[in-house]
2 protein chains.
Amino acid sequence: MASAAGVSISTASKALNDTGRMGAETRERVKRIAGEIGYRPNALARGLLSKRSFTIGLLTNDTYGRFTLPVMAGISDALVDHGVSVFLCAIEDDPDLAQIHVDAMLDKQVDGIIATGKRLDRRLPVDLSNLHVPVVYAFTEGTQNSVTFRSDDEQGARLAVEWLVKIGRRRIAHITGPEDFFSVRERAGAYHQVAGHREPVLYGVWSESWGHEAIEELWKRPGEKPDALFCGNDQIARGAVDALRERGIKVPLDVSVIGFDNWEIVAAQTRPPLTTVDMELKELGRQAGLTVLALAEGRPVEPGVRKLPCRLIVRQSCGGKPPRE
Amino acid sequence: MASAAGVSISTASKALNDTGRMGAETRERVKRIAGEIGYRPNALARGLLSKRSFTIGLLTNDTYGRFTLPVMAGISDALVDHGVSVFLCAIEDDPDLAQIHVDAMLDKQVDGIIATGKRLDRRLPVDLSNLHVPVVYAFTEGTQNSVTFRSDDEQGARLAVEWLVKIGRRRIAHITGPEDFFSVRERAGAYHQVAGHREPVLYGVWSESWGHEAIEELWKRPGEKPDALFCGNDQIARGAVDALRERGIKVPLDVSVIGFDNWEIVAAQTRPPLTTVDMELKELGRQAGLTVLALAEGRPVEPGVRKLPCRLIVRQSCGGKPPRE
DNA sequence: GTGGCCTGAGAAAAGCTTTTACCAACTCTT
DNA sequence: AAGAGTTGGTAAAAGCTTTTCTCAGGCCAC
């Protein structure tokens, strides 16, 4: 205990927290000695009193996923400056496990909870709506009157298709995932708007092989072939690029291809590297973290859905312009 | 407070913890009422007294990585049964950030720390050797007298090469990552032992494009071509498979290919899906979690390096035998 | 009938920090 | 020089559990 080395016990607290009245040189001395003996206050005791644990819980059902990781990095990044740590709880769509983790977080007096997932239009398998701690949703469906952060898929898709139009492509096809995904419908909607229905939308699954198949299907059809592909994710785009290469079609010379997600490991390793749409998930996580912190501190936050803009990452699969950055 | 609804205050504690002496019906009544009002003890107060926070810290420098995620899932999986939660701290090779996180964990009285990384032969950029809490290393280089868990890369490589031999391959080449990786040398060593130096080892980088290049290099050489490839990771294997296909060489008919890591997203999406070596990282995490818990509870644990066996995942890139599981 | 023992339950302390209240001593002011 | 105000610091309470100690009452035995 710092008081042993210093002077008293409550004086030490006031010295270290720059609070209360005391002699300047006493304060300095206590601080110095505390530093020397490496004294660090016990956060448990502090939390017990202040009702703040400087801890938040992150609940995700996307264990192996590419979505949660960037979101998490953003949250952690935003909160470390405020001395807040993050409990990560992976709940594989298991309601019981989820409840266990939520209870454990509540027992540990988390200041707030962030729920995140792998899909915008699905709820986590646990009800967080009537907790006595603030809850923020990030990249997952929230409840009524909650704060929810999500990517603006419509704007992202528009970015992609407008880029293709801008570099001179006219017959743009859209190969994407299952139609029951909200994101898929939003992106397809934007595609229709911008591209003007010139080509049909091909709905499928989120895999490379579907990208392959879709190309076969498109090139089997009579008439003019597409000169650009807007793909629902990078894996589909990669499958498509590979299929085109096998047919001797040059990317980006003959066909421009654009993906979605900016999943580096796929997008950057494709030949040629994929131009794609980044959902800025780290920024999304950062904002979610800051928001849950604000709520925990009692600052008012307007409920509602916040759509964060996507960003186009230009690599080499579109041509038209040399890659930047 | 449960005591308000029940009878006293310390009696409640004893009732809920099945400790102390008291009437059976009193105990039942307290428990029932506690259940009804949804009483849950404050873990902070409990931790303050018991010196156990039921919290451990997980430190990783592999933010986006495929290694930390399974390890983490294993840890979480093993500890949730014991009521222990996990603080995840991502420290991007930044010593200052690492120190901040370690200090925060210590302040929060974690019962132990698990350090994990993306490479067996590198240390985290922070010294954890003289903490007053137990530290366990998982998939990263530990300190003297510490407990370290790692995959047995030699055994894994042997598994792979022996499989190739068993299905009748004789000219097995090894395309792998940078030679300064410990894992690379271990795997190469096992390859040499089992394959008997029939083919040279090609050292490069951990990317698909290196897999491509390596194939070009191998097929440019005069003389007999390899009939099997043992690749240092799944990405290299994928690059190699793609390069072979482009040359009209059939996998697995003409050449068997085997990868390393069992990174589903690469291995399962390759055409044909890759046979590969799984390092059982989730099991590794599970054991690390259980071990740090044992240390936290004062149970003795023998220091040293524990090598966990790898497992061969048979898919379709080798032929020889139909895929299982 | 009384002393000893057992049972059931409550009182109190401890764990560590922060905050409020308080006190002793000192310095002005008049 | 005495009262008022200021200053520097301490004592104590609160926050919530758990654990140990104590106590009151009932029962049995002698």
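Chain naming here is simple, since letters A, B, ... match the order of the sequence lines and numbering starts at 1 in each.
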### Task
Please determine if a side-chain N or O atom of A:Thr11 lies less than 4.0 Å away from the OP1 or OP2 oxygen of D:dT10.
yes
## Note on the structure
Whole-Å distance, A:Asp18 CG to C:dT19 C1', equals 16 Å
### Nearest-angstrom distance from the residue atom CG of A:Asn42 to P of C:dA14
17 Å
### Query
In whole angstrom, what separates B:Phe54's CZ from D:dT18's P?
10 Å
### Query
Does a distance-only test, which skips hydrogens and angles, find a donor-acceptor pair under 3.5 Å between the side chain of A:Lys14 and the base of D:dG8?
no
### Task
Could you tell me whether B:Arg40 contacts a base, only the sugar-phosphate backbone, or nothing, with contacts defined as non-hydrogen atoms closer than 4.0 Å?
sugar-phosphate
### Rounded interatomic separation in angstrom, taking CG from B:Leu49 and C1' from D:dC16
10 Å
### Task
May I ask you to verify if any side-chain N or O of B:Ser10 is less than 4.0 angstrom from the OP1 or OP2 atom of D:dT20?
no
### Message
With a 4.0 Å cutoff (strictly under), does any side-chain N or O of A:Asn17 reach OP1 or OP2 of C:dT18?
### Response
yes
### Which nucleotide in C:dG15, D:dG9, C:dG8 has an atom nearest any side-chain atom of B:Met22
C:dG8
### Query
Rounding to a whole Å, what distance do you find between B:Glu28:CD and C:dA9:P?
13 Å
### Message
Over all strands shown, is B:Arg21 touching base, sugar-phosphate only, or nothing at heavy-atom distances under 4.0 angstrom?
### Response
base
#### Entry: Gap between atoms CG and P, on B:Leu48 and C:dC16 respectively (whole Å)
7 Å
### Query
Taking for each residue the nucleotide of DNA chain C bearing the nearest heavy atom, is the 5' side occupied by B:Thr26 or by A:Ser13?
B:Thr26
### Query
For the pair made of CG in A:Leu16 and P in C:dT19, what is the distance, rounded to whole Å?
12 Å
### Message
Of the listed nucleotides (D:dT18, C:dG15, D:dG9), which one gets closest to any side-chain atom of B:Lys51?
### Response
C:dG15
### Task
May I ask you to decide whether B:Arg46 forms a salt bridge with A:Asp107, counting only side-chain N to carboxylate O separations under 4.0 Å?
no
### Task
Answer yes when A:Asp180 and A:Arg119 have at least one side-chain N-carboxylate O distance shorter than 4.0 Å, and no when they do not.
yes
### Message
Ignoring hydrogens, what is the shortest heavy-atom contact between B:Gly117 and B:Leu124? Give both atom names and the distance.
### Response
CA-CD1, 4.5 Å
### Message
What is the separation between atom CD1 on B:Ile9 and atom C1' on D:dC16, rounded to the nearest whole Å?
### Response
8 Å
### Query
Taking it one step at a time, do A:Glu28 and A:Arg32 satisfy salt bridge (Lys or Arg N to Asp or Glu O under 4.0 Å)?
CA-CA 6 Å; A:Glu28 276 316 306; A:Arg32 184 173 47 78; over 6 Å; no
### Message
Classify B:Ser50 by what it touches in the nucleic acid, base, sugar-phosphate, or nothing, heavy-atom distance under 4.0 Å.
### Response
nothing
### Query
Do the side-chain N or O atoms of B:Tyr39 get closer than 4.0 angstrom to the phosphate oxygens (OP1, OP2) of D:dC16?
no
#### Entry: N-O pairing of B:Lys118 and B:Asp93 below 4.0 Å
yes
### Query
With a 3.5 Å cut-off and just heavy-atom distances, do the side chain of B:Ser8 and the base of C:dA9 make a donor-acceptor pair?
no
